[in-house]
Amino acid sequence: MKLFHTADWHLGKLVQGVSMTDEQRFVLQQFTKAIEEEKPDAVIIAGDLYDRAVPPTDAVNLLDEVLETIVLKLKTPVIAVSGNHDSPGRLNFGSRMMKSNGFYITGQLKKDLEPIVLQDAHGEVHFHLVPYADPSQVRHVLDDTEIRTHDDAMKKMVAHIESTMDPSKRHVLVGHAFVTPHGEEEENTSDSERPLAIGGAEYVSASHFKKFHYTALGHLHQAHFVLNETIRYAGSPLKYSISEEHHKKGFHIVEMDELGNVTVEKRLLTPNRDIRTVEGKMEDILQHEFNEDYVFVRLLDETPILFPMEKVRSVYPNAMHVERKVVSVLKGTEESTVGSRRKMDDLSLFNAFYEEVKGVKASEETAVIFKDVLQEFLHEQQELIGPAKKEGVKI
């Protein structure tokens, strides 16, 4: 069986206030062209089809256009789950009716997750769809008070699936989570992806997926495998921040034989406009050839420049950001005016800001209060995109 594995389309995404819809249409046309030429048995979309719970009209129209092409015109089944950016209820609407046409989507978590069964020349392949779910949702659905973290939730969900798995069949899990080799903390692959939780509770161990022949994941924007080559992130099809500048964007072509052994090929997508860094002195940058890429400019001039964005946009009309690189006398190192704080997590950024403003480090009590407020904010965000129940438990 041949599968195309993609994820994290984030339709409706804004980067520095600029809509990415036209850029998304450009790469998704390449994706559908590849489907037409290579005729996979199914396409997997592992969550975050949209960038927000209530997407703009042009994003909804683009998804409708792409799915119509893949499912109805090319007669290729699509298997999808909701991600943390999606509204589970919105994606779940009409799912029973769409199933008859070959579009299988699970938006809302249910206790009885029946597998999607497709067939090839060697028999059945069972697809187990696990949409993104807050641990409090999983705790409610499974009626299990022991679930506290994302790892707890995934472990219980996988055990629930495995209890009815037919060992004579081939099995694929489709999920949306922050998976690391053993559930340990790791940096996100992009600063455009919001955290799922704080305090280390968002990480999921890859060991839970060992019984599946392939695990198709979404959430992290850089394509890579975790623990072994059958547990993979497809990454996003486009760069969605300058932190993704060096990512190679595309999708996976997964070939599964009669025994469930898989081989994976990475297929690249070519963007209409790249997102990249341009560094140099203003006078040198103004000598560059006209270019429509989305650039983040780092000026090396020692003195301030008047109206730098206006000047830069005479060469790079789609420039998104301009900053000046300065030398830190105390540290003896070079850093941008924004500095390394762009890479900090929310708690570290708060501590740095607090110390800069107050002149002293935040006390442990203050840090705990901030974590509580931040966690409450994350809960409120999730309640906007799904029926999560607020139970006052940190996740």
Side-chain angles (χ1 to χ4, degrees), residues 7-8 46-48 83-85 130 132-139 146-159 173 175-210 215-236 240-247 339-355 361-379 381-382 388 393-395:
D8 297 284
D48 282 352
N84 60 300
H85 283 251
V130 183
Y132 170 77
D134 182 287
S136 63
Q137 291 175 274
V138 182
R139 183 166 58 247
E146 295 181 358
I147 295 172
R148 290 290 182 271
T149 67
H150 283 265
D151 188 66
D152 294 339
M154 186 62 76
K155 182 178 180 179
K156 296 285 187 175
M157 285 302 303
V158 169
L173 184 136
H176 192 91
F178 197 143
V179 178
T180 62
H182 306 288
E184 69 274 29
E185 182 176 352
E186 285 188 0
E187 287 189 7
N188 204 318
T189 61
S190 169
D191 62 19
S192 67
E193 184 52 69
R194 68 168 71 112
L196 302 178
I198 61 174
E202 66 178 320
Y203 306 104
V204 172
S205 174
S207 62
H208 303 321
F209 309 116
K210 289 182 178 179
T215 300
L217 295 172
H219 181 59
L220 299 183
H221 287 190
Q222 185 170 27
H224 64 287
F225 69 85
V226 187
L227 194 63
N228 67 65
E229 295 193 7
T230 66
I231 304 170
R232 286 187 175 268
Y233 283 97
S236 57
Y240 290 130
S241 76
I242 196 61
S243 66
E244 301 178 30
E245 178 178 13
H246 301 297
H247 291 189
S340 61
R341 291 186 181 179
R342 209 182 254 154
K343 301 178 181 178
M344 290 182 177
D345 60 39
D346 292 321
L347 184 57
S348 299
L349 190 60
F350 168 76
N351 286 330
F353 175 76
Y354 188 95
E355 185 172 0
K361 292 183 177 181
S363 66
E364 185 175 341
E365 181 182 3
T366 300
V368 168
I369 292 173
F370 173 77
K371 288 173 67 176
D372 288 343
V373 172
L374 179 60
Q375 189 64 66
E376 184 69 19
F377 173 73
L378 292 174
H379 271 295
Q381 281 193 318
Q382 291 306 322
V393 179
K394 296 182 179 59
I395 59 173

| said: Run the side-chain hydrogen bond (donor to acceptor under 3.5 Å, both in side chains) test on N228 and T230 for me, step by step, so that the C-alpha distance in whole Å, both residues' side-chain angles and the decisive distance to 0.1 Å come before the verdict. | reply: CA-CA 6 Å; N228 67 65; T230 66; 2.4 Å; yes
For N188, the side-chain hydrogen bond (donor to acceptor under 3.5 Å, both in side chains) test, sequence neighbours excluded, returns none
Sorted by chain and residue number, the salt bridge (charged side-chain N to carboxylate O under 4.0 Å, His left out) partners of E364 (sequence neighbours excluded) come out as none
The salt bridge (charged side-chain N to carboxylate O under 4.0 Å, His left out) partners of K155 (sequence neighbours excluded) come to none
Output yes when a side-chain donor or acceptor of [X] lies under 3.5 Å from a complementary backbone atom of [Y], and no otherwise.
| X | Y | answer |
| --- | --- | --- |
| E193 | S190 | no |
| S363 | T366 | yes |
| H247 | T189 | yes |
| S236 | D8 | no |

| message | Testing the basics here: between E185 and Y203, what is the closest heavy-atom pair and its distance to 0.1 Å? | response |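 For E185 and Y203, the tightest heavy-atom pair comes out as CG-OH, 3.3 Å.
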task = Please lay out, stage by stage, how H219 and D48 fare under the test side-chain hydrogen bond (donor to acceptor under 3.5 Å, both in side chains).
result = CA-CA 7 Å; H219 181 59; D48 282 352; 4.7 Å; no
Apply side-chain contact (heavy atoms from CB on, under 4.5 Å) to residues E146 and D152 and explain how you reach the verdict. CA-CA 8 Å; E146 295 181 358; D152 294 339; over 6 Å; no
- On the 0 to 90° scale, with breaks at 30° and 60°, tag the Y233-H224 ring pair as parallel, tilted or perpendicular. parallel
